[in-house]
Amino acid sequence: MDEKYFPEKIEVKWQKHWNETNAFGVERDDRRPPFYCLEMLPYPSGFLHMGHVRNYSIGDALSWFKRLQGFNVLHPIGWDSFGQPAEQAAIKRGIHPRDWTEENIAHMRGQLKRIGISYDWRREIAAHTPEYYKWDQWFFLKMYERGLAYRRESQVNWCPKEETVLSNEQSSGGVCWRCGAIVEKKNIEQWFLRITNYAEQLLEEMKEIEGGWPERVLTMQRNWIGRSKGAYVDFAIKDAETKVRVFTTRIDTIYGATAIVVAAEHPLVASLSEESQLKTDVMQFVERVKASAQKRTNAGDEEIEKEGINTGLIAVNPFSGEAMPVWVANYVLMEYGTGAVMSVPAHDERDFEFAQKYSLPIRRVIERISHEQEVIEHDPSREDQSMAMPHAFTDYGILVNSGDWSGRLSEDAIEEMALFAKARGFGEEAVTYRLRDWGISRQRFWGAPVPIIYCDRCGVVPVPEEDLPVTLPDHAEFTGAGQSPLAGVAEFVNTTCPKCKGAARRETDTMDTFIDSSWYFFRYCDPRNERAPFDKEKIAYWTPVSQYIGGIDHAVMHLLYTRFWTKFMRDIGLVSFNEPVKRLMTQGMVTNLVEGTGEWKRMSKSLGNGVDPDDMIAAYGADAVRLFVLFAAPPENELRWQETGIEGAVRFLRRVYGMIWRWHERLSDALQRRSDPGAEEFSVEARSLRRKTHQTIARITADFEELHFNTSVAALMELSNALGDFQAEPHMASVGDLYAVREALESLVLMLTPFTPHAAEEMWESLGHTGGILSGETRWPQTDEELARKEELEIPVQVNGKLRSRIRATPDTPEDELREAALGDDKIRSFTNGREVVKVIVVPQRLVNIVVR
RNA sequence: GCCGGAGUGGCGAAAUUGGUAUACGCACCAGACUCAAAAUCUGGCGUCCGCAAGGAUAUGGGGGUUCGAGUCCCCCCUCCGGCACCA
């Protein structure tokens, strides 16, 4: 041990030690409890940023803690190495995506090792390797077999900048999740996964993770799935064989329907236009709406002005028999429900706005319950009055003007009217979802090829399992044009049909990279398996993931897909649980001041407020950086980067290191073989130090379970402050003193391990232990409740709830003694003098409150 | 608009879940060491009154429950995040 703390020296030394001893390598071991600590796998952009450092520091702290508690801790890392940036590099610089990706991985791997994150590196995986993406393709085939993967032409979200399709999740808010370009609509043939089959389960089984996942993530997923319970109702079209089906959550308002409104893309419009029954102005309107919908964005735009046109068709309300016009309008979405709605202006804001603009009748059919009597008896001109309403009345209430249904409550009518419709054959109860099927085709090179072959004779033919993987060619031309570069590689495209052996073509689209990340953490459990994605027994031991840590940006995309994937894996018998992740923590972002603005913003190159982890490690050491990152804020909060904060972390480490230096010789030789001192050998100060030690252990152990790292560090600082205040000089210390100091230092060092593993290893060695912290029987320190108990307490005494004095007591001073001591206290007497004591509240070990009048 | 989260010193934040509000750290101020600076160490640090002892006051605002509220209940305000013509 050096006298001074030299992080660069210590860190290299222990990283080498861990590497040589395979310190973090684990295997399935049925005698030990597993703990699976997982951080979201990084995209190999080339450089680690502070967000990564924070993510992995959190995971590493938890991993070390669980490891020291005796768990068999799986802590792996890998690379989400397919995707767009590699292909951009290929287009711009003519470098093959694979070369670019692998160079980046090599560099980032080195960075991770320099931070000293305790990964089992033997389990490292990368999505772009055929050994990995073979299983992406395998899963695709399994879904195809079960009808969960299908191909259809549809309007998709198209990123004009990247020239590729985006899934619904990836174009949330009308902009590309990656580059921020405004998303366009385009019709294209592509592959989908039937995630909507799992909509109900994705919602229902959330119950199992409530409490373990942040509320806001669950809420976002709930909103995204967007379950809505209501009913379908069929409106017949007059003088035609056809009818139009609407979806409504408010069937109770159906007597107030004064029009049917359909989307521009609605089949009714198309079919009638073919028969030339539609007027040309309607046709023109429909084309105009369709065209503007393609350009439409809702990224911060104002609400689009509602527009519509009367088709001249007449629909018939199946409940009332009333006839009403059919309109086409831009505010009805083809993608949701049936693409047709019944317009009830009196009870829906949008319909109200539309009706006002086009002077459609507004008829009130629900009244507020409290005014029920008045309304029915004193308001004969109700219809006229409701014409003047400034807003729609959207609450539940009581039905009026609704034929036989008048007088019913909305809640009851909603159920009964749907049943009635079903009995009469013109409708039924229905549940709709906002969730759409997952479009996974990408017109890109750098992804897993969709394992499908098109044969002129046999049609769509899946690649046989034994022919997997369908590998990417070594050469392709990267032009950036709007189709997959694979289409230009003849030896890839041209193949033989697995069925008829005739000439055939391969699918040239690749799969969304979110497929890679939907199941990667299962692969970590068995990363080199060549016969299956993983061994079932192995994942049964390790999964579900005990704790997952990552950014909030994946709250909907990745975390929804992986839940879906797990449910599918369950259905084909690969796992026996519903949810892949028991506990999720979403870390806050790392921000830095943007120069000249006074604003804290996420670190980024373009804002010039980025901080390079390598620079920080070079300046302060990895341990100090990690300590600061975990101490400065609770993990889910924003972390404001402050270099003075790191300096504080270094100061603390130097202080602790200095204390070890001061004591280590005396402690390691004098106490090594001595049995525990008797109680009488401990001075008051030594007993007090031991108390602090054991209180700290208890506190930190509890904090770790809740991932409260910041308060853990604070507690360690307190313990080190207590050690600093401990007066004895090493050479004069009594046996009791030495024992107490040793206990405090060893506990301090062990509990520092999750935060500053390199420094902890070094100090642990200085205290006379060989082979490293993980060797032998080293364990997280245990609290001795007896020693942690306070010997003497200061009990606050309040008069009428205000603190007025304190009295000394022991933890087992009986209640009445506390009461007498409080009442007898001089200061208290000055407040109670001449007043009547009404009541004395004594909370043992806590406080006394005297109520006077 | 709907849903979720949060408002505590100059700043990041604590508060054993109803019991001493502001732990720990950063910044700042004073002192020691130094020719000086840095580093280090010691002390101070919510606000107001006071030389002090001490007192008053304070957890976004208002009300309530309670012996006692940052914490529980009601109303309001502000900020952050998500979704948004979803019928």
Side-chain angles (χ1 to χ4, degrees), chain A residues 172-174 214-224 226-228 230 246-251 253 261 263 296 298 301 303-306 329-333 335-344 347-351 353-354 394 432-435 552-553 555-556 586 588 600 627-628 631-634 636-649 651-652 654-655 658 695 698-699 702-703 708 710-721 724 794-806 827 838-843 845-852:
Chain A
S172 175
E215 196 49 50
R216 59 176 176 155
V217 173
L218 295 176
T219 305
M220 282 162 74
Q221 293 213 354
R222 243 177 241 124
N223 290 345
W224 191 262
R227 184 183 200 272
S228 186
V246 304
F247 174 72
T248 177
T249 55
R250 292 298 303 275
I251 194 172
T253 65
V261 186
R296 191 163 94 204
N298 42 13
D301 286 9
E303 198 167 289
I304 291 157
E305 167 87 24
K306 289 184 178 48
N330 62 347
Y331 78 98
V332 176
L333 307 173
E335 307 93 81
Y336 186 77
T338 60
V341 301
M342 60 179 202
S343 177
V344 185
H347 303 290
D348 182 280
E349 289 293 352
R350 297 152 303 184
D351 295 341
E353 197 189 321
F354 189 70
T394 56
T432 61
Y433 301 90
R434 214 186 76 114
L435 184 70
I552 186 71
D553 34 335
V556 174
T586 51
W600 293 87
L627 184 65
F628 166 70
F631 174 58
E636 48 278 272
N637 286 21
E638 171 190 345
L639 172 70
R640 296 186 168 193
W641 189 260
Q642 267 177 311
E643 216 149 318
T644 52
I646 298 206
E647 284 162 17
R651 257 199 295 277
F652 169 66
R654 276 206 287 259
R655 266 203 297 273
Q695 286 170 350
R699 202 175 137 190
D703 280 353
H708 292 168
N710 55 327
T711 50
S712 299
V713 177
L716 286 173
M717 287 172 169
E718 283 185 50
L719 179 58
S720 108
N721 290 346
E794 263 198 346
I795 306 277
V797 182
Q798 301 178 330
V799 177
N800 286 349
K802 292 200 173 185
L803 178 68
R804 295 302 182 187
S805 182
R806 298 165 211 272
K827 270 204 211 148
V838 185
K839 202 170 174 184
V840 180
I841 286 122
V842 182
V843 185
Q845 301 189 46
R846 268 274 132 79
L847 60 45
V848 179
N849 188 12
I850 298 162
V851 187
V852 297

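Reminder, nothing fancy here: chain letters follow the sequence lines and each chain counts from 1. From a predicted model like this one, the values you see are computed outputs, not experimental measurements.
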Which nucleotide in B:C83, B:G19, B:G12 has an atom nearest any side-chain atom of A:Val843: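 Output: B:G19.
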A:Val332, nearest nucleotide to its side chain (from B:G12, B:A87, B:G4):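 For the A:Val332 side chain, the nearest candidate turns out to be B:A87.
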Atom pair distance, as rounded to whole Å: [atom1] in [X] and [atom2] in [N]:
{"X": "A:His708", "N": "B:U17", "atom1": "NE2", "atom2": "P", "result": "13 Å"}
{"X": "A:Arg216", "N": "B:C83", "atom1": "CZ", "atom2": "P", "result": "12 Å"}
{"X": "A:Asn223", "N": "B:G5", "atom1": "CG", "atom2": "P", "result": "12 Å"}
{"X": "A:Arg222", "N": "B:C3", "atom1": "CZ", "atom2": "P", "result": "13 Å"}
{"X": "A:Arg846", "N": "B:A21", "atom1": "CZ", "atom2": "P", "result": "13 Å"}
{"X": "A:Lys306", "N": "B:A87", "atom1": "NZ", "atom2": "C1'", "result": "11 Å"}
{"X": "A:Glu215", "N": "B:C80", "atom1": "CD", "atom2": "C1'", "result": "17 Å"}
{"X": "A:Glu636", "N": "B:G82", "atom1": "CD", "atom2": "C1'", "result": "18 Å"}

Distance from [X] atom [atom1] to [Y] atom [atom2], nearest 0.5 Å?
{"X": "A:Phe631", "Y": "A:Ile646", "atom1": "CZ", "atom2": "CD1", "answer": "13.0 Å"}
{"X": "A:Arg651", "Y": "A:Met717", "atom1": "CZ", "atom2": "CE", "answer": "9.5 Å"}
{"X": "A:Glu305", "Y": "A:Glu353", "atom1": "CD", "atom2": "CD", "answer": "7.0 Å"}
{"X": "A:Ile850", "Y": "A:Ile841", "atom1": "CD1", "atom2": "CD1", "answer": "10.0 Å"}
{"X": "A:Ile795", "Y": "A:Arg806", "atom1": "CD1", "atom2": "CZ", "answer": "11.0 Å"}
{"X": "A:Arg434", "Y": "A:Asn223", "atom1": "CZ", "atom2": "CG", "answer": "7.5 Å"}

Side-chain (A:Asn637) to main-chain (A:Gly588) donor-acceptor, under 3.5 angstrom: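 No, because the side chain of A:Asn637 does not come within donor-acceptor range (under 3.5 Å) of the backbone of A:Gly588.
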Polar side-chain atom of A:Arg216 near backbone of A:Ala555 as donor-acceptor pair, under 3.5 Å: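 Pair absent, no side-chain N/O of A:Arg216 close to backbone of A:Ala555.
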Using side chain to side chain donor-acceptor pair (under 3.5 Å) as the criterion, list what pairs up with [X], not counting sequence neighbours.
{"X": "A:Thr586", "answer": "none"}
{"X": "A:Trp600", "answer": "none"}
{"X": "A:Arg227", "answer": "A:Glu200"}
{"X": "A:Thr338", "answer": "none"}

Residues that A:Leu847 engages under side chain to side chain contact (heavy atoms under 4.5 Å, CB included), provided they are two or more places apart: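 Side chain to side chain contact (heavy atoms under 4.5 Å, CB included) check on A:Leu847 returns A:Pro796, A:Gln798, A:Val843.
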Those residues that, when tested against A:Arg699, pass side chain to side chain contact (heavy atoms under 4.5 Å, CB included) (two or more places apart):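 If we apply the side chain to side chain contact (heavy atoms under 4.5 Å, CB included) test to A:Arg699, skipping adjacent residues, the hits are A:Asp703, A:Ala715, A:Glu718.
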Sugar-phosphate only, base, or nothing, as touched by A:Arg434 at under 4.0 Å among non-hydrogen atoms: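 It contacts base atoms.
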Sugar-phosphate, base or nothing in reach of A:Pro214, heavy atoms under 4.0 Å: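 The residue A:Pro214 makes no contact with any strand.
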Give every pair of a protein N or O atom and an N or O atom of nucleotides 69-71 of chain B that lie under 3.5 Å apart, one pair per line with the distance.
none

I'd like the [atom1] distance from [M] over to [N], given in whole Å.
{"N": "B:C26", "M": "B:U40", "atom1": "P", "answer": "10 Å"}
{"N": "B:A52", "M": "B:G44", "atom1": "P", "answer": "15 Å"}
{"N": "B:G9", "M": "B:A15", "atom1": "C1'", "answer": "15 Å"}
{"N": "B:G4", "M": "B:G19", "atom1": "C1'", "answer": "32 Å"}
{"N": "B:C74", "M": "B:A69", "atom1": "C1'", "answer": "15 Å"}
{"N": "B:A21", "M": "B:G70", "atom1": "P", "answer": "8 Å"}
{"N": "B:U59", "M": "B:G64", "atom1": "P", "answer": "15 Å"}
{"N": "B:A87", "M": "B:A14", "atom1": "P", "answer": "39 Å"}

Charged tip of A:Lys306 within 45° of A:Tyr331 ring normal and under 6.0 Å: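 The answer is yes; both the distance and angle limits are met.
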Watson-Crick and G-U pairing of RNA chain B written in dot-bracket, each distance under 3.5 angstrom, with | for inter-strand partners: (((((((..(((......[....))).(((((.......))))).((((....))))..(((((..]....))))))))))))....
Where the chi angle of B:G46 falls, syn if within 90° of 0 and anti if not: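 In terms of base orientation relative to the sugar, B:G46 is anti.
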N-glycosidic conformation, B:U16 - syn within 90 degrees of 0, else anti: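 Nucleotide B:U16 adopts anti.
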Pairs under 3.5 angstrom, nitrogen or oxygen only, protein versus nucleotides 52-59 of chain B, please.
{"residue": "B:A56", "atom": "OP1", "partner": "A:Arg804", "partner atom": "NH2", "Å": "3.2"}
{"residue": "B:A56", "atom": "OP2", "partner": "A:Arg804", "partner atom": "NH1", "Å": "3.2"}
{"residue": "B:U57", "atom": "OP2", "partner": "A:Lys802", "partner atom": "NZ", "Å": "2.8"}

I'd like a table of atom pairs between the protein and nucleotides 23-28 of chain B - only N or O on both sides, under 3.5 Å - with the distance next to each one.
{"residue": "B:A23", "atom": "O2'", "partner": "A:Glu718", "partner atom": "OE2", "Å": "3.0"}
{"residue": "B:G25", "atom": "OP1", "partner": "A:Asn721", "partner atom": "ND2", "Å": "3.4"}
{"residue": "B:C26", "atom": "OP1", "partner": "A:Arg651", "partner atom": "NE", "Å": "3.1"}
{"residue": "B:C26", "atom": "OP1", "partner": "A:Arg651", "partner atom": "NH2", "Å": "2.8"}
{"residue": "B:C26", "atom": "O2'", "partner": "A:Thr644", "partner atom": "OG1", "Å": "3.0"}

Along RNA chain B (nearest heavy atom to each residue), the more 5'-positioned of A:Thr432 and A:Ala633: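 Result: A:Ala633.
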All salt bridge (charged side-chain N to carboxylate O under 4.0 Å, His left out) counterparts of A:Glu215, not counting sequence neighbours: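 For A:Glu215, the residues satisfying salt bridge (charged side-chain N to carboxylate O under 4.0 Å, His left out) (neighbours in sequence not counted) are A:Arg222.
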Between the protein and nucleotides 64-68 of chain B, which nitrogen or oxygen pairs are less than 3.5 angstrom apart?
{"residue": "B:C67", "atom": "OP1", "partner": "A:Lys839", "partner atom": "NZ", "Å": "3.4"}
{"residue": "B:C67", "atom": "O2'", "partner": "A:Asn849", "partner atom": "ND2", "Å": "3.3"}
{"residue": "B:C67", "atom": "O2", "partner": "A:Asn849", "partner atom": "ND2", "Å": "2.6"}

Partner of A:Val840 by side-chain contact (heavy atoms from CB on, under 4.5 Å), out of A:Val797, A:Val848, A:Val851: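 Result: among A:Val797, A:Val848, A:Val851, A:Val848 is the only option passing the side-chain contact (heavy atoms from CB on, under 4.5 Å) with A:Val840.
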Name of the residue among A:Leu333, A:Asp348, A:Val332 meeting side-chain contact (heavy atoms from CB on, under 4.5 Å) with A:Val341: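 Running side-chain contact (heavy atoms from CB on, under 4.5 Å) over A:Leu333, A:Asp348, A:Val332 with A:Val341 returns exactly one hit, A:Val332.
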B:G5 OP1/OP2 closer than 4.0 Å to side-chain N/O of A:Thr219: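 For A:Thr219, the contact criterion (side-chain N or O under 4.0 Å from OP1 or OP2 of B:G5) is not met.
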